[in-house]
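Only one structure is covered here, and it is reproduced in the block below.
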Protein chains: 2
Amino acid sequence: MTTFVYDFTDGNKEMKALLGGKGANLAEMTNLGLPVPPGFTVTTEACQEYLRTGREPDELAEQITAHLERLEKQMGRWLGDPDNPLLVSVRSGGAFSMPGMMETILDVGLTDVSVHGLAAQRGESVHSAWDSYRRLIEMFGRTVCGVPAAEFDQVKRHSDDPKEMVAAYQKIFREHTGREFPQDPREQLDLAVRAVFASWNSERAVLYRRQERIPADLGTAVNVMAMVFGNLGPDSGTGVAFTRDPATGEPGVYGDYLQNAQGEDVVAGIRNTVPLQDLERLDKKSYDELLGHMARLEEHYRDLCDIEFTIEHGRLWMLQTRVGKRTAAAAFVIASQLVDDGLIDADEALARVTGAQLAQLMFPAFEVGAETRPLAHGVGASPGAAVGPIVFDSARATALAAEGQDVILVRRETNPDDLPGMIAAQGILTSRGGKTSHAAVVARGMGKTCVCGAEALQVDADRRELTVDGQVLREGEEISIDGTTGRVYLGAMPVAPSPVVRYFEGELAPNADRLIAAVHRLLTHADARRRLGVHTNADTGADAARARRFGAEGVGLCRTEHMFLGDRRPLVERLILAADDHERDRALAELLPLQQADFEDLFRAMDGAPVTIRLLDPPLHEFLPSLEELAVKVGVAQALGKDPGADLALLTAVRRMHEENPMLGLRGVRLGLVVPGLFAMQIRAIVQAAVAHRDAGGDPRPEIMVPLVGAVQELETVRAEAEQIIAEIGDGLPVRIGTMIEVPRAALTAGEIAQAADFFSFGTNDLTQMGWGFSRDDVEGAFFSRYLELGIFGTSPFESIDRAGIGRMIRIAVDEGRAARPELHIGVCGEHGGDPDSVQFFAEAGLDYVSCSPYRVPIARLEAGRAAISGTTSDSR
Amino acid sequence: MTTFVYDFTDGNKEMKALLGGKGANLAEMTNLGLPVPPGFTVTTEACQEYLRTGREPDELAEQITAHLERLEKQMGRWLGDPDNPLLVSVRSGGAFSMPGMMETILDVGLTDVSVHGLAAQRGESVHSAWDSYRRLIEMFGRTVCGVPAAEFDQVKRHSDDPKEMVAAYQKIFREHTGREFPQDPREQLDLAVRAVFASWNSERAVLYRRQERIPADLGTAVNVMAMVFGNLGPDSGTGVAFTRDPATGEPGVYGDYLQNAQGEDVVAGIRNTVPLQDLERLDKKSYDELLGHMARLEEHYRDLCDIEFTIEHGRLWMLQTRVGKRTAAAAFVIASQLVDDGLIDADEALARVTGAQLAQLMFPAFEVGAETRPLAHGVGASPGAAVGPIVFDSARATALAAEGQDVILVRRETNPDDLPGMIAAQGILTSRGGKTSHAAVVARGMGKTCVCGAEALQVDADRRELTVDGQVLREGEEISIDGTTGRVYLGAMPVAPSPVVRYFEGELAPNADRLIAAVHRLLTHADARRRLGVHTNADTGADAARARRFGAEGVGLCRTEHMFLGDRRPLVERLILAADDHERDRALAELLPLQQADFEDLFRAMDGAPVTIRLLDPPLHEFLPSLEELAVKVGVAQALGKDPGADLALLTAVRRMHEENPMLGLRGVRLGLVVPGLFAMQIRAIVQAAVAHRDAGGDPRPEIMVPLVGAVQELETVRAEAEQIIAEIGDGLPVRIGTMIEVPRAALTAGEIAQAADFFSFGTNDLTQMGWGFSRDDVEGAFFSRYLELGIFGTSPFESIDRAGIGRMIRIAVDEGRAARPELHIGVCGEHGGDPDSVQFFAEAGLDYVSCSPYRVPIARLEAGRAAISGTTSDSR
């Protein structure tokens with residue numbers, strides 16, 4: 001016979017899958033001897049069977065009866081007893097906490113009869129017994145039977161006599177359900193358990209699971225616990241407690257307490273709580289006992305614990321505990337302190353912090369201690385701190401940005417039409433939508449600060465104003481938004497650079513404060529543990545030098561196209577528009593020394609470490625003016641009877657080179673094979689720069705990377721040309737030649753390509769674009785938020801590597817590339833190289849290194865360390 | 001000890017890999033008892049060792065000595081003997097014939113001494129002995145030692161006394177090589193063998209192999225054969241013979257004969273040959289003997305044989321045979337006749353013809369018997385017959401085409417700038433370049449008639465004229481080009497529709513003539529054998545009906561976007577520009593009955609067979625005017641101070657919807673998930689059309705195909721919507737729902753996607769574009785010819801499926817899709833569905849059907865039949 005019900009005394013904290021998080025922790029506390037009200041948990045397996053078959057398992061009712069009898073005996077009270085009734089709470093609790101699930105029904109067991117028994121027991125507090133009954137009918141009506149909350153609220157506005165309200169509520173219940181409020185307490189309990197089961201498939205829960213990629217068949221457990229009451233007078237109360245400060249990680253007693261109240265009153269915020277420390281004055285005995293339990297729990301869980309408790313007539317009851325949520329800073333500080341406390345080792349400390357948390361710590365933030373004028377609170381959708389005058393439409397945003405102003409674009413919600421404004425703005429604020437809204441997705445894609453769904457704001461774009469609590473802000477007024485916390489403030493708050501970044505830059509010592517010490521310690525440990533190298537994407541000596549300060553061990557990607565911009569544009573234009581070989585050769589000859597100087601800078605900044613230089617990748621027409629602009633210019637000149645002059649020839653050239661889909665056009669290695677001398681010039685510049693640097697006493701480690709290879713023959717052809725140049729002018733310097741793997745076909749024929757490659761570097765941006773068949777620029781704003789909403793993506797595949805599709809190509813390429821050439825060096829240089837989840841994947845897939853932008857280098861180092869100890873990590877899915 | 005030399009008596013025709021095609025066939029004839037001059041073959045393995053190590057295998061010289069001694073004994077002549085010299089020919093012969101390989105050196109064994117012996121033997125023909133010596137020095141000098149041919153030609157112009165010429169040639173040889181012409185005949189032989197080995201790596205051979213994907217390490221064999229002489233008087237001669245007419249396949253004696261001549265004189269075309277039949281008159285004994293050998297060979301090889309022979313003093317010698325090349329028509333006729341003759345069975349007959357040959361027979365051609373005025377001859381680069389006035393540049397071509405003229409674009413060679421002209425022209429003719437030139441690649445991509453490399457033409461684009469043999473043609477003069485044969489004619493030749501197509505259309509009976517009977521027979525057999533279904537891509541009832549006449553078993557792809565064009569454009573524009581849901585719904589409601597009528601047509605034409613309808617695929621902005629044009633229009637209006645009116649709003653909309661890479665943009669299923677009601681309208685139209693057709697007594701088999709799916713969740717979402725509509729209005733009609741597999745990620749996650757799909761259809765065009773990362777429109781003209789030249793492609797991956805890359809994705813998707821859902825129906829609907837090579841691949845990969853354009857249906861049927869018996873096919877690589 002399957003066991004579908006576990007007493008709290010039967011479980012433990014490892015049984016989360018079966019008992020849910022809440023149930024497992026209640027069992028753990030019970031078995032630690034902490035004062036938990038007795039109770040039992042109905043397992044997720046029972047729920048799974050209900051979800052599969054539409055009915056409870058046959059044995060369930062019987063098992064509940066057995067556990068209920070035991071509970072009644074233990075409490076000396078009986079469910080529905082007219083004189084001495086047992087009341088229980090019924091709470092959902094899955095392995096993951098999940099919005100949209102039915103949460104709690106309190107006071108199950110009260111009926112028209114037993115309420116009198118309860119009232120008699122309570123003596124002076126008859127009122128409270130009827131109030132409990134009222135609450136039961138309301139919660140049960142709403143969550144089990146779907147009676148609209150508004151109906152009950154209506155009654156509340158006209159009466160505050162709980163007995164009267166019970167009568168009114170029962171009438172509402174009858175009208176809405178066509179039946180009387182159940183007077184059989186066991187029926188109440190069974191219906192409540194079933195309602196919890198059924199709520200697994202509520203629309204919101206389904207949506208949430210789809211978005212978070214939580215399997216749809218896990219089911220939830222149900223906890224049934226004897227009620228205890230914090231609202232029986234001044235010697236009763238309820239509160240929450242943290243074993244450390246969840247904001248900073250500092251040790252000490254943190255929490256809130258509310259005298260003579262139930263937990264839901266704290267949540268409702270009707271009365272003000274007092275700091276937990278005040279409990280010492282109110283009830284020293286309970287306070288001391290609580291502190292003892294807290295110390296016990298922290299030692300037992302070896303982590304910050306978050307606790308709910310109730311005091312009933314001076315007796316302390318522990319209602320819930322779990323490992324507590326914390327800020328990014330607190331995560332680092334706590335992990336480091338727990339090592340000092342001897343509770344965990346350095347590996348576990350490393351597993352307890354994430355690259356995403358470190359990333360948060362690296363954004364500039366509002367100065368601590370600055371005066372704040374809070375305006376609203378939304379979802380922190382894309383981190384950072386942005387300050388500026390508000391504007392209400394895209395056109396104003398672009399106009400003011402063109403004048404050099406840092407504006408905040410405020411919209412109810414955004415859509416693709418707002419893209420130019422979003423690009424122009426410093427920050428984005430919306431009054432609707434969450435982390436997957438259009439604004440959030442696009443802002444994250446751009447790395448732009450964004451707060452979404454600040455619902456207190458009323459945005460009126462036509463009148464160019466927003467209203468919060470009656471306060472009106474007009475276009476041009478300054479606000480400050482915090483994309484990390486989701487807070488919105490009035491006025492321009494001072495922004496401070498991240499102290500963690502200042503430490504990386506060498507401006508603050510590793511022991512400057514507790515946070516920096518913790519970051520320093522955990523990163524140092526990550527470096528000691530990681531097998532994955534961390535290189536950087538850098539196009540200039542300055543970028544490379546910064547990345548080196550941040551811990552980069554080489555340049556994994558130098559994009560030479562960035563050296564074709566700025567004041568070199570006219571030269572590049574001459575190259576592209578060259579009428580014959582001779583003109584082109586002359587332009588190339590002029591570019592050569594410029595490129596060489598660029599590369600010398602890089603070799604100097606990364607002396608002794610590999611510098612991987614990618615040959616020119618974008619289509620040449622990207623360096624020419626836009627077709628539309630030119631066409632209008634020429635068209636207008638002609639319409640006005642003027643001579644369009646050189647513009648006409650330029651238009652002809654641009655039109656000839658125009659491509660419908662430039663991403664899939666003449667670029668990368670194709671360019672190198674079609675434009676005579678182009679790659680040769682770049683290769684020559686690389687080799688000459690390396691020789692010059694070596695002759696100056698340096699240690700250059702040049703690597704030439706060929707972009708967009710799809711077939712080994714492409715690489716062979718470029719390689720042959722490169723080897724000839726190296727033999728000619730390389731003076732014995734070793735130069736490695738490898739390729740990007742960014743075209744799906746390259747991944748699928750990696751075994752062949754490896755024959756001609758010293759190294760592979762995955763270009764995960766293009767691989768994602770081509771593998772999914774969408775271009776980031778074109779689609780991110782057009783449908784990603786819809787896709788996230790529909791659960792088609794969990795996260796954007798441009799943020800975190802898509803393991804099933806793109807990741808599979810990477811695994812194929814790694815396995816077959818290495819099989820063909822065991823010494824093949826393999827890295828990644830797409831933006832995913834600095835994304836925490838993706839770094840975990842790259843480590844699993846067996847890459848040698850990741851390369852990412854300088855600011856992402858510490859994040860990659862941390863995640864690479866975590867990946868190396870990944871047996872103990874928990875939060876990468 | 002490895003055997004590196006085989007006597008002709010030791011080999012047979014199955015030993016092509018070791019002895020080369022020529023050697024294997026010489027051995028076969030020898031063993032059949034045919035009069036082959038004795039000799040031996042040096043194996044490809046000896047060549048391979050030479051290529052690997054740079055020297056001949058140690059045992060080779062000794063083995064050659066042994067075989068040479070045997071040969072000398074057999075002939076009663078000795079190499080280099082002053083009185084009775086043996087002369088031998090040395091010929092290359094690999095498993096594949098290959099341009100660029102050294103071909104032949106005759107008369108090896110002549111020296112200053114032995115030439116006198118030969119002369120003495122020849123008696124009356126002393127002259128011929130010295131002529132043989134002259135030929136040896138020239139061939140040896142040119143091919144073994146690289147002496148320029150022009151040097152010898154110079155001498156020929158000043159002398160015709162062979163003895164004098166020998167002296168002059170020896171002087172040239174000495175000057176160019178720094179040594180005397182070798183007087184050791186064995187040294188001549190060894191050097192000739194080595195030269196054949198080395199010619200394997202000549203530039204031209206390497207290029208050819210790369211283009212044809214022939215492995216680089218096969219090596220060539222070398223045949224050494226006793227010389228016989230056709231130039232010893234009127235009782236001698238040489239000729240070629242075919243066992244059937246290689247042009248039409250008719251049985252009978254075909255060939256040419258040249259009295260008192262050597263084979264090379266036939267090739268040089270110095271004297272005119274006579275028809276082979278004339279030999280009966282000249283030398284009845286040899287003629288009868290030859291006919292006997294020919295019958296024997298055809299029966300033995302069970303195929304058309306192509307034979308070279310020499311008669312020396314009335315004695316017939318067989319010098320070579322091979323299975324003969326033939327025209328497409330002859331291939332069908334011969335294969336069918338051989339079945340009638342009882343030489344082969346129907347399976348083998350089917351293996352002997354190809355889809356490519358059938359395709360040739362389906363093009364319109366110049367009328368047989370029409371008067372021709374041949375102008376030039378080039379490479380048939382893209383089949384068909386085109387007639388029209390000539391133009392010399394792209395601008396004229398587009399201008400005249402706009403006036404409705406069918407022009408022929410004539411260029412020395414084409415480049416990307418010529419694309420508009422190539423699109424506008426009816427046919428393309430160039431004087432330079434071969435099958436992989438820009439013109440050839442682009443024309444084939446467009447399915448446009450093209451003749452390349454007609455070298456006799458001198459094209460002067462500036463003067464707008466071309467010159468052939470002094471004849472000048474000016475712009476506007478009419479010519480006719482045959483893209484199948486490469487012939488160019490003066491004037492407008494009458495073009496006749498293909499009789500094979502007329503047979504498919506039912507206009508000619510299956511027994512109308514020998515060719516049609518053969519086609520009918522072999523296609524009928526292919527249908528009986530094939531396991532692969534053949535469906536068609538058709539967007540209208542008329543197309544579907546034609547395809548059905550051509551043998552299609554269903555519609556594999558109906559592209560609904562074609563129903564959004566023409567007079568429906570304004571309606572579609574309203575749909576796209578709808579300001580709100582209401583406007584959009586109204587436009588959709590108006591489109592619904594139109595789409596429904598389209599689908600009813602299709603269901604009627606394909607009654608009882610599946611009709612797979614793809615939901616809208618292209619981005620919506622494709623239905624709007626071009627951004628550039630609109631921008632210019634609005635810009636000009638504004639510059640002139642006019643009100644651009646509605647154009648301004650349209651421009652705003654077009655600009656908003658503009659995509660940098662529309663192929664990777666908001667299209668396919670993405671559109672369906674983002675534009676409310678669009679897919680629902682199409683699904684509704686499909687279901688209503690099917691119900692209406694069924695209610696009218698028909699048997700509709702609708703299948704709904706979702707394009708561009710990359711993740712199973714996309715398909716699930718559309719499927720849920722479709723199932724709801726079907727349940728609502730489908731009246732119990734079964735409707736299958738499946739997806740295109742055209743995004744690389746879809747192929748790699750096919751196991752997941754199969755869970756929600758009744759069928760897969762590979763969209764190999766997009767799969768190739770995304771898998772390689774290039775868009776056909778953008779790159780085919782830009783670099784494909786360069787890539788074919790460099791050997792990066794063997795053929796364009798848009799013509800024939802790229803097995804290693806795209807093919808691998810297809811195999812993954814087939815295997816994993818079927819593993820997840822064994823009943824999954826799998827087809828292909830890209831253009832590859834009608835490509836012969838690709839059909840073979842799809843059969844191997846285990847697809848259920850291919851779908852192709854109506855005209856490709858018979859080709860696919862034939863190839864599918866061939867694939868089913870593929871154990872016996874030979875020419876698919």
Side-chain angles (χ1 to χ4, degrees), chain A residues 210 416-417 627-629 631-636 638-640 655-657 659-666 668 670 673-674 708 710-711 713-714 717 742-746 748-749 752 766 769-775 777-779 782-783 786-787 790-793 802 804-806 808-809 812, chain B residues 210 416-417 627-629 631-636 638-640 655-657 659-666 668 670 673-674 708 710-711 713-714 717 742-746 748-749 752 766 769-775 777-779 782-783 786-787 790-793 802 804-806 808-809 812:
Chain A
R210 213 189 281 158
D417 294 350
L627 175 58
E628 185 192 341
E629 272 169 37
V632 172
K633 216 163 146 191
V634 170
V636 167
Q638 288 173 330
L640 297 176
R655 198 175 272 147
R656 191 185 65 215
M657 301 181 74
E659 294 180 315
E660 278 306 307
N661 295 279
M663 182 172 296
L664 304 177
L666 182 57
R670 301 158 195 168
L673 295 175
V674 165
L708 218 72
Q713 294 89 344
E714 294 173 313
T717 311
E742 55 187 336
V743 169
R745 188 184 191 273
L748 289 160
T749 61
E752 290 176 15
D766 265 8
Q769 298 193 98
M770 294 175 185
W772 278 91
F774 45 53
S775 120
D777 289 341
D778 290 319
V779 300
F783 67 82
R786 177 92 179 114
Y787 266 39
L790 288 169
I792 292 169
F793 303 143
D802 151 42
I806 309 309
R808 181 165 183 201
M809 291 191 209
I812 288 172
Chain B
R210 213 189 281 157
D417 293 350
L627 176 58
E628 185 192 340
E629 272 168 36
V632 172
K633 217 163 146 192
V634 169
V636 167
Q638 288 173 332
L640 297 176
R655 197 174 274 148
R656 192 184 65 216
M657 300 180 75
E659 294 179 314
E660 278 307 307
N661 296 279
M663 183 172 296
L664 304 178
L666 183 57
R670 300 159 195 168
L673 295 175
V674 165
L708 218 71
Q713 294 89 344
E714 294 172 313
T717 310
E742 54 187 337
V743 169
R745 187 184 190 274
L748 289 161
T749 60
E752 289 177 16
D766 265 7
Q769 299 194 97
M770 294 175 186
W772 278 92
F774 45 52
S775 123
D777 290 340
D778 290 319
V779 300
F783 68 83
R786 177 93 179 113
Y787 266 40
L790 287 169
I792 292 170
F793 303 144
D802 151 42
I806 309 308
R808 180 163 184 203
M809 290 191 211
I812 288 173

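Within every chain, numbering begins at 1; the chains are lettered A, B, ... in the order of the sequence lines, protein sequences first and strands thereafter. Note that the structure is a prediction, hence the values are computed from the model and not measured.
With a 4.5 Å cut-off on non-hydrogen atoms, E742(B) does not touch chain A at all. Only the side chain of V779(A) has a heavy atom closer than 4.5 Å to any heavy atom of chain B. Heavy atoms closer than 4.5 Å to chain A are found in both the backbone and the side chain of V636(B). Of the atoms belonging to D766(A), not a single heavy atom falls under 4.5 Å from chain B.
Residues Y787(A) and E714(B) meet the side-chain proximity criterion, which asks for heavy atoms closer than 4.5 Å.
Note: P662(B) leads A782(B), A711(B), P662(B) in heavy-atom pairs under 4.5 Å with chain A. Contact tally against chain B (heavy-atom pairs below 4.5 Å) for I812(A), V743(A), I806(A): the top residue is V743(A). Per-residue counts of heavy-atom pairs under 4.5 Å with chain B were compared for G805(A), P744(A), A804(A), A746(A); the largest is that of P744(A). Ranked by non-hydrogen atom pairs under 4.5 Å with chain A, the options M657(B), M809(B), K633(B), E629(B) are led by M809(B).
Pairing each heavy atom of L664(B) with each of N661(A), the nearest pair is N-OD1, 4.3 Å. When all heavy atoms of L627(B) and E628(A) are compared, the pair lying nearest together is CD2-OE1, 3.4 Å. Of all heavy-atom pairs spanning G773(A) and M770(B), the tightest one is CA-SD, 3.6 Å. The two residues I792(B) and L673(A) have their closest heavy-atom pair at CD1-CD1, 3.5 Å. Between R745(B) and D802(A), the shortest heavy-atom distance links the atoms NE-OD2, 2.6 Å. Smallest separation of non-hydrogen atoms from L640(B) and A639(A): CD2-O, 4.0 Å.
Listed for the R670(A) side chain is no donor-acceptor partner under 3.5 Å among the backbone atoms of F783(B).
Distance CZ/R786(B) to CG/L666(A): 12.0 Å, rounded to 0.5 Å.
Few gaps surround CD on Q638(B); more than 12 heavy atoms of other groups in view lie less than 6.0 Å from it.
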